[in-house]
2 protein chains.
Amino acid sequence: MPSSIAAELVAVIVSVDEESPRVLASGAPAALPHGPLEPQHRSLQAGLRAWTREREGVELGFVEQLYTFADVGRSGRKGRTVAISYLGLTRAQGESGWVDVYDLLPWEDARDGVPALASQLGETLVGWAGRDGERLERTEHAFGLGDWAWRPELVLQRYELLWEAGLVAEHGAGSTPSSSTAPATGPAMLHDHRRILATGLARLRSTIQYRPVIFELMPPDFTLGQLQATVEALAGQRVHKQNFRRTVQDQLGLVEPTGETDRSTGGRPAALYRFRSEVHAERRHVGTKFPRPRTR
Amino acid sequence: MPSSIAAELVAVIVSVDEESPRVLASGAPAALPHGPLEPQHRSLQAGLRAWTREREGVELGFVEQLYTFADVGRSGRKGRTVAISYLGLTRAQGESGWVDVYDLLPWEDARDGVPALASQLGETLVGWAGRDGERLERTEHAFGLGDWAWRPELVLQRYELLWEAGLVAEHGAGSTPSSSTAPATGPAMLHDHRRILATGLARLRSTIQYRPVIFELMPPDFTLGQLQATVEALAGQRVHKQNFRRTVQDQLGLVEPTGETDRSTGGRPAALYRFRSEVHAERRHVGTKFPRPRTR
DNA sequence: ACAAAAGTGTTCGTCTTACACCCATGC
DNA sequence: GCATGGGTGTAAGACGAACACTTTTGT
């Protein structure tokens, strides 16, 4: 007979502010929206949507299950708490409650090259790894050292290395990083919420490469420049402009021009596009592949 | 405060018998290994390994969380049961308890072309979809109809369509498929275990394309022909021989010749290879991409 | 000899990345 | 005029798929 266990939902709700990705979080230490499973909802996804609408006033577009965390001691409570985490996307950029993702994971924004903080952390981890070949290889792989290129989607691998090395703070469990030697790695979040956030960002960065979920984050009408800026904000990486435009337009039928233009861009007016809603969910597997500039 | 809920683990444990993939299952209706979360295990993965070793006598290699099922009524029990499902790979081909995956999902083996059963089911689903454009497009996409190619990894999409149309039996919930018109779609499994199996096969077929987990299923020494047969058994699809060999060998450092040969192949003796264990887990992201023959 | 499977060399075409360049607007 | 971002054509190259062919065994 199954054991009785405390179970909760934790949500990584993401929107984009043209410049940077934002996540719903509140309190001190910051906490992702979370709460118990409500028995009245037939499916978890439906429950999450209702719950986010009622409690946060946010209507979700794309929703995807992330991971179920159940390690003993993951919450402060004694005994085991199972957390089923979800990723949700919304274009509602409602006023308050949003936190810049890169304030919480400050080494993850590589739009202007790999940030100095990431390089410092990589070096620190190389020292931590010492003679341990596996640790060293994981570090070089995750942080783009040696022969490896920086790969934006390895968010979780980077976070887990930092956590193992005691370089990131987690509220409650574990010790504070030794602030003398180590660089500042951003604020702790409640329990393991920062790990859950890292899981969500990793998944999102992977997903936008092969499914056009990016449109869930855009306003109804947008320019290709805005679309590119949104992709770059999430990916934490620049993409090749000309090829990005082509890729999007060649995904025949995914977007269509509205006929209007946006003159506020500071240069030539940009044509506005909209996502073609006739495109059904399954057709959308074609994805928003984006060409990365060959850095290195 | 989190609600108290019944929680269990369900495992999709896979091995390959050169000819066909096998999964651990037992009983009537067949059930995947499952049981309550044991409070003594710190992490779920560790728990699953210990649990599989003790109860099934199987030592797992690769382990990965699949999905957490929590729909009301998914188990026979009243109220909600949360099932955290895992995929595990092993080379231990121990005697009993193994069931051929394609006995349970008989439309999924496309090694000799898309099976007649899959085509029949596709046609039946087209009828079921009727004027519903989204259903029709999902069906054509999942079953490789119209302009779409058959994609082996869409296991779950196919299963869910069949389930929605009432064409697969699930034990307890739902009705039996109307046996007069519909083709036979294999035996029911306990509760939603066949759906969980479909989730596992889908994940496995995706994973082998970009991570060399295939080696977890091979004996220590193997020929490239055996390796190819194993990939084909899982993928449910033939691959191009010459390019497969090259791809494997070009993944420099992934395999190395043992110097021995296997003369039992019926033709020219085949060189034996082994997986290079010096290759650490993180390096292994390079993957076992396999070239598919261009069918269509 | 011939069947059968192992193994090698090379061509062809597509898709990714990059480069070069023109266009339309505000200041 | 010139800075700024929008927008198009085309070439270099990597990679995937296919073809043609040789090698080594068992019967």
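Computed over heavy atoms, backbone and side chain alike; hydrogens, waters and symmetry mates excluded. Quick note on labels: first sequence line is chain A, next is B, and so on, each numbered from 1.
Checking C:dA20, D:dA20, D:dG7 against the side-chain heavy atoms of A:A271 singles out D:dG7 as nearest. Of all nucleotides listed (C:dA24, C:dA20, C:dG7), C:dA20 comes nearest to the side chain of A:Q242.
Straight-line distance from the CG atom of A:L227 to the P atom of D:dG5: 17 Å, rounded to whole Å. Rounded to an integer number of Å, the gap from CZ of B:F222 to P of C:dA6 is 14 Å. Rounded to an integer number of Å, the gap from CZ of A:F244 to C1' of C:dA18 is 17 Å. Rounded to an integer number of Å, the gap from CG of B:N243 to C1' of D:dA17 is 6 Å. Nucleotide C:dA5 holds its C1' atom 11 Å from the CG atom of B:D262, rounded to whole Å. A straight line from CD of A:Q249 to P of D:dT8 spans 6 Å, rounded to a whole angstrom. Atom CZ of B:R245 is separated from atom P of D:dG16 by 18 Å (rounded to the nearest Å). The interatomic distance linking A:R246 (CZ) with C:dC19 (P) rounds to 14 Å, in whole Å.
Residue side chain B:K241 reaches the base of C:dA6 through a donor-acceptor N/O pair under 3.5 Å, judged by distance alone. For B:R268 against D:dT23, a side-chain N or O and a base N or O form a donor-acceptor pair under 3.5 Å. No hydrogens or angles were tested; on distance alone, a donor-acceptor pair under 3.5 Å links the side chain of B:H240 to the base of D:dA18.
Side-chain N or O atoms of A:R274 include none that pairs as donor or acceptor with a backbone N or O of A:D221 at under 3.5 Å. Here the side chain of B:R158 pairs a donor or acceptor atom with the backbone of B:A142 at under 3.5 angstrom. Remark: side-chain polar atoms of B:Y102 are paired, donor with acceptor, to backbone N or O of B:A233 under 3.5 angstrom.
Nucleic acid contact class of B:R263 (heavy atoms, under 4.0 Å, all strands): sugar-phosphate only.
When the nearest nucleotides of DNA chain C are assigned to B:L272 and B:G267 by heavy-atom distance, the more 5′-ward of the two goes with B:G267.
Comment: A:R111 does not engage A:E232 in a salt bridge, judged by the lack of any side-chain N to carboxylate O separation of less than 4.0 angstrom.
Across every non-hydrogen atom of B:I13 and B:W98, the tightest pair is O-CZ3, 3.4 Å.
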